[in-house]
Amino acid sequence: MRTVRTALLAVAAAGLAVTALAPSPAAAAPAPAAPKFLSAAQLPASPTPWTAGPVRTGAPQEGSVCTAGIAPAAGTRYRDFRTELDTNARQTITVAATAARAEKLAADLHHALATCLDRMKEQDPGLEGEAFYHGRIGIEDGAHLHSIDTSHPEVGSTDIGLYSVGRDGRAVTVVEWGQMGELDGAPLEGFRKTTRTAVAKLY
């Protein structure tokens, strides 16, 4: 009986030793931080200060005429900005499931910006305007810069919009800036810098 009891104690001790030496399950990897948005101070210079709105979840329901319906609501957030002189801006960020999907989304958005004026004219035959592609920006996985200058001769209004789309891995961002006026009065170089900052801040 003493021999059996000794053997059982030895087995139990061995089991405790194995348990003590076994590595504990790896802690779950923390979720990656959400991409960061621009601050008001990082938008192009304006005669009156920019005011940043809250970050909202989902795709914008209004505005963003050129890119509406392209980015999915899931994984998308946006932030609006404004000044006292009717100048407004918006940044939208979408985090795709994979880098490949993000690359396709960025390409679709780039195409949508390039063809936006033609679609606007189809919807409003009285609209006139010019659209320009201002080239690629070498930041992270790249960004593209566009401008659309529109006017309504019957109304006498003119508007200029600057747009960019950029990507860093799975994150894609679109930055929009608009005000009354023409391209000559738009802060193109300031917007280029804002785009670089927006893409660099994603991750």
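Atom set for the values below is all heavy atoms of this structure, side chains included, hydrogens, waters and symmetry mates excluded. Predicted model only: the values in this text are computed from it and were never measured.
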Considering only heavy atoms from C-beta outward, does the side chain of S164 approach that of I137 to under 4.5 Å? no

About how many Å separate NE2 of H134 and CZ of R192, when rounded to the nearest 0.5 Å? 8.0 Å

Closest approach of L117 to A131 (non-hydrogen atoms, all atoms of both residues): CD2-N, 3.7 Å

OH-SG distance between Y163 and C116, expressed to the nearest 0.5 angstrom: 6.0 Å

With sequence neighbours left out, write down each residue that passes side-chain contact (heavy atoms from CB on, under 4.5 Å) with V172, or none if nothing qualifies. A102, L105, A106, L109, V165, R167

D141 and G169: which non-hydrogen atoms are nearest, and at how many Å? OD2-N, 2.6 Å

Neighbour count above 12 (heavy atom, 6.0 Å) for K193 NZ: no

Taking all atoms of both residues into account, what is the closest heavy-atom pair of A171 and L202, and its distance? O-CD1, 3.8 Å

Take L188 and L145 through the test side-chain contact (heavy atoms from CB on, under 4.5 Å) and record every step on the way to the result. CA-CA 9 Å; L188 187 58; L145 181 58; 3.9 Å; yes

Please report the closest heavy-atom contact between V199 and G166, naming both atoms and the distance. CG2-CA, 3.8 Å

By ring pair (Phe, Tyr, Trp, His ring centres under 6.0 Å), Y133 pairs with (sequence neighbours left out) H110, H144, H146

In Å and rounded to the nearest 0.5 Å, what is the OG1 to CG distance from T150 to D159? 4.5 Å

Between T94 (side chain) and A71 (backbone), is there a donor-acceptor pair under 3.5 Å? no

R82: what forms a side chain to side chain donor-acceptor pair (under 3.5 Å) with it, not counting sequence neighbours? none

When rounded to the nearest 0.5 angstrom, what is the spacing between CG in D108 and CD in E103? 11.0 Å

Quick one: does S64's side chain have a donor or acceptor within less than 3.5 Å of a partner on T67's backbone? no

To the nearest 0.5 Å, atom CG of L38 lies from atom CZ of R79 at 8.5 Å

hydrophobic_cluster_shared for I148 and I160, side chain cutoff 4.5 Å: no

Step-by-step side-chain hydrogen bond (donor to acceptor under 3.5 Å, both in side chains) determination, T158 to S151: CA-CA 4 Å; T158 60; S151 64; over 6 Å; no

Please report the C-alpha distance between F132 and D149 in whole Å, then the side-chain angles of each, then the deciding distance to 0.1 Å, and finally whether the side-chain contact (heavy atoms from CB on, under 4.5 Å) criterion is met. CA-CA 9 Å; F132 297 97; D149 195 343; 5.6 Å; no

Any donor and acceptor pair, going by atom type alone, linking the side chain of Q42 with main-chain N or O of T197 inside 3.5 Å? no

What one should report as the nearest heavy-atom pair of R196 and I139 is O-CG1, 3.9 Å

Could you measure the distance from the OG1 atom of T83 to the CG atom of L85? Nearest 0.5 Å is fine. 5.0 Å

Donor-acceptor contacts under 3.5 Å from residues 120-129 side chains, at least two apart:
residue : atom : partner : partner atom : Å
D124    : OD1  : G126    : N            : 3.3
D124    : OD2  : H152    : NE2          : 2.7

Can T195 and W177 be said to form a side-chain contact (heavy atoms from CB on, under 4.5 Å), step by step? CA-CA 11 Å; T195 296; W177 175 99; over 6 Å; no

Ignoring hydrogens and angles, write down the donor-acceptor pairs under 3.5 Å from the side chains of residues 49-63, residues two or more places apart or on other chains.
residue : atom : partner : partner atom : Å
W50     : NE1  : P44     : O            : 2.8
Q61     : NE2  : A59     : O            : 3.2

Got a sec, which residues hit salt bridge (Lys or Arg N to Asp or Glu O under 4.0 Å) with D80, two or more places apart in sequence or on another chain? R90

Taking all non-hydrogen atoms of both residues into account, name the closest pair between R77 and A34 and its distance. NH2-CB, 3.6 Å

